[in-house]
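Here the structure is a predicted model, which means the values were calculated and not measured. Proteins get letters first, then strands, A, B, ... in listed order; numbering begins at 1 in each.
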Protein chains: 2
Amino acid sequence: MTVNEIATSLATTADTVRYYTRLGLVTPGKSDNGYKFYSNSDQSRLRFILSARQLGFSVKDIKQILQEADHGKSACALVRKLIKTRLDETEKQFQEMLQLRKRMKRALKQWDVMEDKAPTSHMVCHLIENVNSSGIGEA
Amino acid sequence: MTVNEIATSLATTADTVRYYTRLGLVTPGKSDNGYKFYSNSDQSRLRFILSARQLGFSVKDIKQILQEADHGKSACALVRKLIKTRLDETEKQFQEMLQLRKRMKRALKQWDVMEDKAPTSHMVCHLIENVNSSGIGEA
DNA sequence: TCTTGACCTGTGAGTAAGACACAGGTTTAC
DNA sequence: GTAAACCTGTGTCTTACTCACAGGTCAAGA
């Protein structure tokens, strides 16, 4: 299959497949016309990669995992370890986004009753500079 | 103030200040020793930038906002417009993270009762490849 | 067989928001 | 004056793709 065919078959983009190929996660052969040729085993491999990405593994993680497997070793232990790390990170980012969202919504609400103002030498935009971002350190 | 002093005074890093400086968001002068010199007005400007970042504005957004203000125009309308866009994006990313977190937790739970396995020619890691990622398309 | 046009490919570069490396300059203590 | 400690600016690296683009390929028509 060509890059476009395999991408379509896996519901992803040709660019993504090319990216993984460039990194050496898959190593397709070449057709006579010079185009890369993806086999069924390349397809399983890509399917694996996409699944792992869906679970929050980084591309680097996946590279490691594939290396283990390519050496015939079970990657399960590694996989279990990595996902814990990634889950911790995700949880942290999640909390941060939650806070960010809260700040944004609060600002938007506050601004509803604030009028527009011209900037001064020590104030770029009073909306932003006077936003009451409580919830961080309110006594 | 030197870059390190101003960074400390604003509870950020010298690298961050240098980054904004490189982009031209602040334009410090030079001291005799060749080091950049940050004035009080640079400090207010940086404080503004950091506040805006806290509210989810991108650095590019902030550049636009500062430009308006530097031309003496009120940036409020722009600010109001931009935050709506950013909030929408944040909301979307937030939902995606929620889904990701759900998938990860679900996988971790499923894997508790699954044993490690060696890879086969058509299976890199059965934990990942057999994960039941329901909630996406379950009939 | 040749040609035109549509489509596709691989490769190089660009993106966000800093973090990091490092050679060299500066300051302080002696 | 010198040495050690510290600091600076600049260039490079990071993630996970996405975009641009010159050129090659394929099918249809003449």
Checklist entry - OP1 or OP2 of D/dC17 sitting under 4.0 Å from any side-chain N/O of A/Tyr20? => result yes

Checklist entry - Apart from A/Met123 itself, what residues make up its hydrophobic cluster, given side-chain heavy atom links below 4.5 Å? => result none

Next on the checklist: Mind checking if A/Arg53 touches a base, just sugar-phosphate, or nothing, with heavy atoms under 4.0 Å?
Outcome noted: sugar-phosphate

Next on the checklist: Using only atom types and a distance under 3.5 Å, with no angle test, would you say the side chain of B/Glu5 pairs donor to acceptor with the backbone of B/Thr2?
Outcome noted: yes

Checklist entry - Rounded to whole angstroms, how far apart are CZ on B/Phe57 and C1' on C/dG18? => result 20 Å

Item to check | Separation of D/dA16 C1' from A/Gln93 CD (nearest whole Å) | outcome: 14 Å

Next on the checklist: Under 4.0 Å, counting only non-hydrogen atoms across every strand here, what does A/Asp15 touch: a base, just sugar-phosphate, or nothing?
Outcome noted: base

Checklist entry - Closest nucleotide of DNA chain D for B/Arg22 versus for A/Ser58: which of these residues is on the 5' side? => result B/Arg22

Checklist entry - Can you name the side-chain contact (heavy atoms from CB on, under 4.5 Å) partners of B/Arg47, sequence neighbours left out? => result B/Leu10, B/Gln43

Next on the checklist: Please report the distance, rounded to the nearest Å, between CD1 in A/Ile6 and C1' in C/dC8.
Outcome noted: 16 Å

Item to check | Under the salt bridge (Lys or Arg N to Asp or Glu O under 4.0 Å) test, residues paired with B/Asp42 that sit two or more places apart | outcome: none

Item to check | DNA chain C contacts among residues 27-42 of chain A, heavy-atom distance under 4.0 Å | outcome: A/Tyr35, A/Lys36

Item to check | Spacing of A/Lys63 atom NZ relative to D/dT14 atom C1', expressed in whole Å | outcome: 14 Å

Checklist entry - Think A/Thr13 has a side-chain N or O under 4.0 angstrom from the OP1 or OP2 of D/dT18? => result yes

Checklist entry - From the list D/dA16, C/dG18, D/dC7, which nucleotide is the closest neighbour of the side chain of B/Tyr19? => result C/dG18

Checklist entry - Given atom CD of B/Glu5 and atom P of D/dC6, what is their separation to the nearest angstrom? => result 16 Å

Checklist entry - Does a salt bridge link B/Asp15 with B/Arg18, judged by any charged N lying under 4.0 Å from a carboxylate O? => result yes

Checklist entry - Atom CD of B/Glu96 to atom C1' of D/dC17: distance rounded to whole Å? => result 14 Å

Checklist entry - Do any side-chain nitrogens or oxygens of B/Thr2 fall under 4.0 Å of OP1 or OP2 in D/dT8? => result yes

Next on the checklist: What is the distance, to the nearest angstrom, from the CZ atom on B/Arg18 to the C1' atom on C/dC20?
Outcome noted: 11 Å

Item to check | Contact list for residues 54-67 of chain B, test salt bridge (charged side-chain N to carboxylate O under 4.0 Å, His left out), sequence neighbours left out | outcome: B/Asp61-B/Arg86

Item to check | Residue pairs, two or more places apart or on separate chains, that pass ring pair (Phe, Tyr, Trp, His ring centres under 6.0 Å) and touch residues 76-98 of chain A | outcome: A/Phe94-B/Phe94

Checklist outcome for this item: Whole-Å distance, B/Gln64 CD to C/dA16 P, equals 12 Å

